[in-house]
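For reference, the structure is listed below as structure tokens.
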Amino acid sequence: MGALKSIKGTRDVLPWESYQWQAVEKLCRELFGSYFYQEIRTPVFEKTELFARGIGEFSDIVSKEMYSFQDKGGEWLTLRPEYTASVIRSYIQHHFEQQSALHKIWYAGPLFRQERPQAGRQRQFHQFGIELIGSEFPEADAEVITLACEFYKKTGLKEWELHINSIGNIHDRQTYIEHLRKILKPHIESLCPLCQQRFDNNTLRLFDCKNSECQAVLDLHAPNILDFLSKEDKEHFEQVCDLLTYQGIPYVINPKLVRGLDYYTRTTFEIKGKTLGAQDALCGGGRYDNLVSELGGKPTPSVGFAAGIERLLIALENETISFGDYACPDLYVASMDLNSYSGFLKTWNELRSMGFIIETDLQRRSLKAMMRDAHKKNARFVAVIGSDELKSGTFILKQLDTGAEIKADPVSIKDILKKGSL
RNA sequence: GUGGACGUAGCUCAGUUGGCAGAGCGCUUGGUUGUGGCCCAAGUGGUCGUGGGUUCAAGUCCCAUCGUUCACCCCA
């Protein structure tokens, strides 16, 4: 087809689907708002340098997945591939720390990565998430994780699992990696070709390999990262776990959980959707105590998560959970002619300003066609108006689910709509 | 970037060893004056992704190309 189409890896949220997206945003406002998080909205594009510094120049995201371009002034800009860097940039730029030592922020919006699309992955995708900036304590980690879990609970989703881990501070992590290399070196031949590559430049990613032989080697020989944590980090991790246990939040300690972004320290976590395909991370996050200072701010311990909206909607669909309310007309106005249409216009507008949804026919269709249309749109009531009704100042009001009909007028209609039935 | 699968009506899909392009759903209009849902009838609908090739003849066979999709890499 030569017709214009949306770009590969992008999708329209169609008029009859958008209610779900509105419900996601509403739940963000209500749930995060109830913990006194406030929404931030940052630009969808930033200087390329921000992401290069924030995410790590050699990460996959920065090295091959960013939508970057030069503007007319020759400056390199990038469509954001990730939220945290932008939020921290704004935090530093506007001197949030001058207002208070702690900030709790949520966001929702589109992100862009030039990858090959597949199930649960698009080039423009959407995330919501939170950043808790300014606390080093396990209460902060636990609150962030709790909020992620609460969100999924409130949607009604059942088939998911929380995995948590601690990867310690950068120093201990480095010792662990060196140790891991030393121990695995004799077994490098039995790893898959890809893992042999990963062995040198991305050792921790070995744990992500889906090859069962590689996993067997790791299970047999690899030391547990948790055994390499410093006393403080270990204690921190245990306290986070305890806080989750106190709240009755089930979790799996997964020492193999290594997240892809370079900036994580200590706590990392992921919520895996059990009904999803290869891309099964509903939500991922963790602590990033060094990012603020790396981007030029004062050292500020922080923790947050990001969750994929498309993946959430897929998971809900897989469990046949309906999420959000599809709006239907409270009243469908079926007028027989132009005079009937204009006769009660003020009444309909008044009802609309009271908050009712009033649909009218604009195609001068037959009564039969209008009744069909009202039924298709799942309207609660239909008002039928012809010349007789116009003369008497009343109209016929029909309740579609029962089929009952009465005469109504501009005054009585208000109470009937409020009551919802005849 | 690599590999597999698939492109026929708005949607879901049939289409035989090459021989006039189909169904269901949807949409529109009717089934006695101004009444929906069920039912019935009619109507609407397609450059068979695109471009070449083989053939008397291609939706069907061959090549190329584009698109979609799933998986890898990686991540939400």
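None of these values were measured; they are calculated from a predicted model. In what follows, every chain begins at residue 1, and chains take the letters A, B, ... in the order their sequences are listed.
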Problem set entry | Value in whole Å for how far the C1' atom of B/U35 lies from CD1 of A/Ile396 | 9 Å

Exercise. Checking A/Gln399 side chain against A/Leu422 main chain: does a donor-acceptor pair fall under 3.5 Å?
Worked result: yes

Exercise. For the pair made of CH2 in A/Trp106 and P in B/A76, what is the distance, rounded to whole Å?
Worked result: 20 Å

Problem set entry | Sugar-phosphate, base or nothing in reach of A/Ala374, heavy atoms under 4.0 Å | nothing

Exercise. Between B/G34, B/A76, B/U29, which nucleotide has the shortest distance from any of its atoms to the side chain of A/Arg113?
Worked result: B/A76

For this session: Report which part of the nucleic acid A/Arg365 touches: base, sugar-phosphate, or nothing (heavy-atom distance under 4.0 Å, all strands).
Result: sugar-phosphate

For this session: Check for a donor-acceptor pair, side chain of A/Arg113 on one end and backbone N or O of A/Pro81 on the other, with a separation under 3.5 Å.
Result: yes

Problem set entry | Residue-phosphate contact under 4.0 Å: A/Gln279 side-chain N/O, B/C72 OP1/OP2 | yes

For this session: Pick the C1' atom in B/G3 and in B/C62, then give their distance to the nearest Å.
Result: 23 Å

For this session: Rounded to whole angstrom, note down the P distance from B/C13 over to B/C70.
Result: 14 Å

For this session: Would you check if the side chain of A/Ser302 reaches a backbone N or O of A/Thr300 as a donor-acceptor pair within less than 3.5 Å?
Result: yes

Problem set entry | B/U8 versus B/U47 - spacing of their P atoms, nearest Å | 13 Å

For this session: Taking atom P in both B/G43 and B/C61, compute the distance separating them and give it to the nearest angstrom.
Result: 33 Å

Problem set entry | Between A/Tyr251 and A/Phe269, ring centroids under 6.0 Å | no

Seminar exercise, completed: Between CD1 of A/Ile7 and C1' of B/C66 the distance, given in whole Å, is 16 Å

Exercise. Using the C1' atom in both, what is the distance from B/G51 to B/C75, to the nearest Å?
Worked result: 38 Å

For this session: Name the nucleic acid region contacted by A/Glu82, choosing base, sugar-phosphate or nothing; use a 4.0 angstrom heavy-atom cut-off, strictly under.
Result: nothing

Exercise. Tell me: NZ of A/Lys8 to C1' of B/G7, nearest whole Å?
Worked result: 14 Å

Problem set entry | Salt-bridge criterion met for A/Asp233 and A/Arg266 (N-O under 4.0 Å) | yes

Exercise. Is there a donor and acceptor pair, one atom on the side chain of A/Arg372 and one on the base of B/U35, closer than 3.5 Å?
Worked result: no

For this session: Give a yes/no answer on whether the side chain of A/Arg116 brings an N or O atom under 4.0 Å of OP1 or OP2 in B/C70.
Result: no

Seminar exercise, completed: Sorted by position of nearest nucleotide on RNA chain B, 5' first, the leading residue of A/Ser366 and A/Ala404 is A/Ser366

Exercise. How does RNA chain B look in dot-bracket form if you count Watson-Crick and G-U pairs under 3.5 Å, write [ ] for pairs that cross, and put | where a base pairs with another strand?
Worked result: (((((((..((((.....[..))))((((((.......))))))....(((((..]....))))))))))))....

Exercise. Are any of the side-chain nitrogens in A/Lys153 or A/Glu150 under 4.0 Å away from the carboxylate oxygens of its partner?
Worked result: yes

For this session: Would you indicate which nucleotide in B/G37, B/C72, B/U35 comes nearest to any side-chain atom of A/His375?
Result: B/G37

Exercise. Taking only N and O in the side chain of A/Lys5, is any of them less than 4.0 Å away from OP1 or OP2 of B/G67?
Worked result: no

For this session: Ignoring backbone atoms, test whether A/Gln118 places a side-chain nitrogen or oxygen under 4.0 Å from the OP1 or OP2 oxygen of B/C72.
Result: yes

Exercise. Counting just side-chain N and O atoms, does A/Lys376 come under 4.0 Å of either OP1 or OP2 of B/C27?
Worked result: yes

Exercise. Can B/G37 be described as syn, meaning its chi torsion is within 90° of 0, or is it anti?
Worked result: syn

For this session: May I have the distance from A/Gln122 (atom CD) to B/A76 (atom C1'), rounded to whole angstrom?
Result: 11 Å

Exercise. Between A/Lys64 and A/His126, who's closer to the 5' end of RNA chain B by nearest nucleotide?
Worked result: A/Lys64

For this session: Could you tell me the separation between the NZ atom of A/Lys272 and the C1' atom of B/C75, rounded to a whole number of Å?
Result: 11 Å

For this session: Describe the nucleic acid contact of A/Gly129 in one word from base, sugar-phosphate, nothing, applying a heavy-atom distance below 4.0 Å.
Result: nothing

Exercise. Under 4.0 angstrom, heavy atoms only, what part of the nucleic acid is A/Asp373 near: base, sugar-phosphate, or nothing?
Worked result: nothing

Problem set entry | Inter- and intrachain pairs under salt bridge (Lys or Arg N to Asp or Glu O under 4.0 Å), touching residues 410-422 of chain A, at least two apart | A/Glu350-A/Lys414

Exercise. Is a side-chain N or O of A/Arg311 found less than 3.5 angstrom from the main chain of A/Leu276, in a donor-acceptor match?
Worked result: no

For this session: Without swapping roles, check the side chain of A/Ser293 against the backbone of A/Asn290 for a donor-acceptor pair under 3.5 Å.
Result: yes

Problem set entry | Between B/G30 (P) and A/Met371 (CE): distance, integer Å | 15 Å

Exercise. From the list B/G34, B/U2, B/C73, which nucleotide is the closest neighbour of the side chain of A/Asp60?
Worked result: B/C73

For this session: Look at the side chain of A/Glu389 against the base of B/G34 and say whether a donor-acceptor pair falls under 3.5 Å; ignore hydrogens and angles.
Result: yes

Exercise. Is A/Lys398 side chain donor-acceptor paired with the B/U35 base, going by distance under 3.5 Å alone?
Worked result: yes

Exercise. For the side chain of A/Lys104 and the backbone of A/Tyr35, is there at least one donor-acceptor N/O pair under 3.5 Å apart?
Worked result: yes

Exercise. Expressed as a whole number of Å, how far does the P atom of B/G46 sit from that of B/A41?
Worked result: 23 Å

Problem set entry | For atom CG of A/Leu312 and atom P of B/C75, their distance in whole Å | 21 Å

For this session: Quote, to the nearest angstrom, the C1' distance that separates B/U17 from B/A58.
Result: 14 Å

For this session: Pick the P atom in B/A57 and in B/G18, then give their distance to the nearest Å.
Result: 15 Å

Problem set entry | Quiz item: A/Arg121 side-chain donor-acceptor pair to B/C70 base, under 3.5 Å | no

